[in-house]
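First comes the structure, then the notes that go with it.
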Amino acid sequence: MTSQRTRDRMLSRLRDQGIKDEIVLSAIGNTPRHIFVDEALSIRAYEDVSLPIGFGQTISQPYIVARMSELLRNGQPMQKVLEIGTGCGYQTAVLSKLAKEVYSVERIRPLVMKARGHLRELKCINVKLAHADGNIGLSEIAPFDAILVTAAASHIPQDLLDQLAVHGRLVIPVGTDDQVLYLVERVSQTEYRQTKLEPVKFVPLLGGTS
Ligand code: SAH
C-alpha cells in the first residue's frame, strides 16, 4: 500500500492530470504521504483525495499539492518560501525539496507539534514552523520569493502582498462557498498582476490562534 509502486502510480496519475514539472513530480515521489496520516488511513494515503488529520482539518489532495507547487516554482529553484496553513506538514515537506528555506505558519498548536514530528522524521532541516495567525505573514523574515496559502481566504491579505519580494509569486485560494485559485505576481515595487485560475476546495483561512 505504501510501496514505491503505489507512489509511482500516483506520479503517473499526476502526469495524466497535467503536472509537467519533473522537479515537482520527483519531490512528491520522494515524500512518503502515509506518514502524515493516521495509521488507519494510511491505506488511502496515495489516493488522490484529501483526508482528515484531526481538529476539523485535512491533508491536501496530492494533485493540488503538485499544482500549487508547480505554479509557485514556475520552473525555477526557490530561495525563501512562506506557507500559511502547515496542517500535518505534507505540503511543507514537498516545499522543503523545492526551496532553500521554508517557513510555515499554523494557527492550531497541536498541529504544529504533529507537523514538527513528521518533518523531523523526514529530516527536513531547512524548514521552520511557527504557531501564529498566518493572515499577518512573517514580517521579520520577509521578503519571500514565494508565498503559498493552503486555506481559503475571503480576500487576499495585504500583509502577504507586502511581504512578497519583487518578482515573487503568491498562490492563494480565495472565496467562501465558491473558491477559486489565484496567482499573484509582484511585477514591481508597486504593481501586482493577478491571474484567476481554477475552482478549488479548501478549509477556510481563519483568524487568531488556538
Ligand atoms: N498544507 C496542508 C493543508 C492543511 S489544511 C497540507 O499539506 O495538507 C489548512 C490548514 O490551514 C489547517 O491546518 C488550518 O488550521 C490552517 N489555517 C487556517 N487558517 C489559518 C491562519 N490564519 N493561519 C495559519 N494557519 C491557518
Side-chain angles (χ1 to χ4, degrees), residues 10 14 19 24 27-28 30-38 41-42 44-73 81-99 102-119 121-122 124 127-139 141-142 144 146-161 163 170-176 179 181 200-210:
M10 177 172 84
L14 292 173
I19 304 299
V24 168
I28 289 182
N30 290 319
T31 306
R33 191 168 182 254
H34 63 274
I35 74 144
F36 292 89
V37 295
D38 286 345
L41 285 174
S42 63
R44 305 194 60 198
Y46 296 95
E47 291 178 20
D48 196 24
V49 288
S50 60
L51 295 167
I53 55 168
F55 309 95
Q57 307 303 324
T58 54
I59 178 170
S60 297
Q61 191 193 346
Y63 169 73
I64 200 74
V65 170
R67 172 76 174 130
M68 294 199 301
S69 303
E70 189 171 70
L71 282 167
L72 213 58
R73 219 178 82 81
V81 177
L82 173 65
E83 177 191 29
I84 307 299
T86 319
C88 60
Y90 175 61
Q91 169 84 69
T92 324
V94 171
L95 288 174
S96 80
K97 297 184 164 64
L98 304 174
V102 178
Y103 295 83
S104 185
V105 178
E106 168 59 52
R107 63 178 290 279
I108 301 177
R109 188 185 289 279
L111 284 178
V112 180
M113 312 307 260
K114 215 174 186 175
R116 195 162 275 145
H118 294 147
L119 294 165
E121 187 180 338
L122 294 184
C124 299
V127 170
K128 288 201 175 69
L129 303 186
H131 175 230
D133 178 358
N135 280 294
I136 57 171
L138 275 183
S139 57
I141 314 285
F144 297 96
I147 301 179
L148 176 58
V149 182
T150 67
S154 56
H155 63 280
I156 301 176
Q158 184 60 45
D159 284 314
L160 299 186
L161 293 171
Q163 291 174 26
L170 163 68
V171 174
I172 180 167
V174 181
T176 43
Q179 304 170 5
L181 195 63
V200 284
K201 187 109 198 70
F202 279 87
V203 295
L205 184 74
L206 301 175
T209 55
S210 78

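Positions are given from 1, in the same order as the sequence printed here. We count ligands from 1, going down the list as the structure has it; atoms in each ligand are counted the same way.
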Side chain to side chain contact (heavy atoms under 4.5 Å, CB included) assessment of R67 paired with I19:
CA-CA 7 Å; R67 172 76 174 130; I19 304 299; 4.2 Å; yes
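- Using a 4.5 Å heavy-atom threshold, the side chains of T86 and V112 count as separate.
- For the pair V81/F144, no side-chain contact is recorded, criterion being any heavy-atom separation below 4.5 Å from C-beta on.
- With contacts defined as side-chain heavy-atom distances shorter than 4.5 Å, the pair M10/I28 qualifies.
- Residues F36 and L122 form a side-chain contact, since some pair of their non-hydrogen atoms from C-beta on lies under 4.5 Å apart.
- Side-chain contact between I53 and L111 is present, with at least one heavy-atom pair separated by less than 4.5 Å.
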Under 3.5 Å: N or O atoms of ligand 1 paired with protein N or O:
from     : atom 1 : to   : atom 2 : distance (Å)
ligand 1 : 1 (N)  : E83  : OE2    : 3.0
ligand 1 : 1 (N)  : G85  : O      : 2.9
ligand 1 : 1 (N)  : T150 : OG1    : 3.2
ligand 1 : 7 (O)  : Q91  : N      : 2.8
ligand 1 : 8 (O)  : S60  : N      : 2.8
ligand 1 : 13 (O) : E106 : OE1    : 2.7
ligand 1 : 13 (O) : E106 : OE2    : 3.4
ligand 1 : 15 (O) : E106 : OE2    : 2.6
ligand 1 : 19 (N) : L206 : N      : 2.9
ligand 1 : 22 (N) : D133 : OD1    : 2.9
ligand 1 : 22 (N) : N135 : ND2    : 3.4
ligand 1 : 22 (N) : L206 : O      : 2.5
ligand 1 : 23 (N) : G134 : N      : 2.8
ligand 1 : 25 (N) : R107 : N      : 3.3

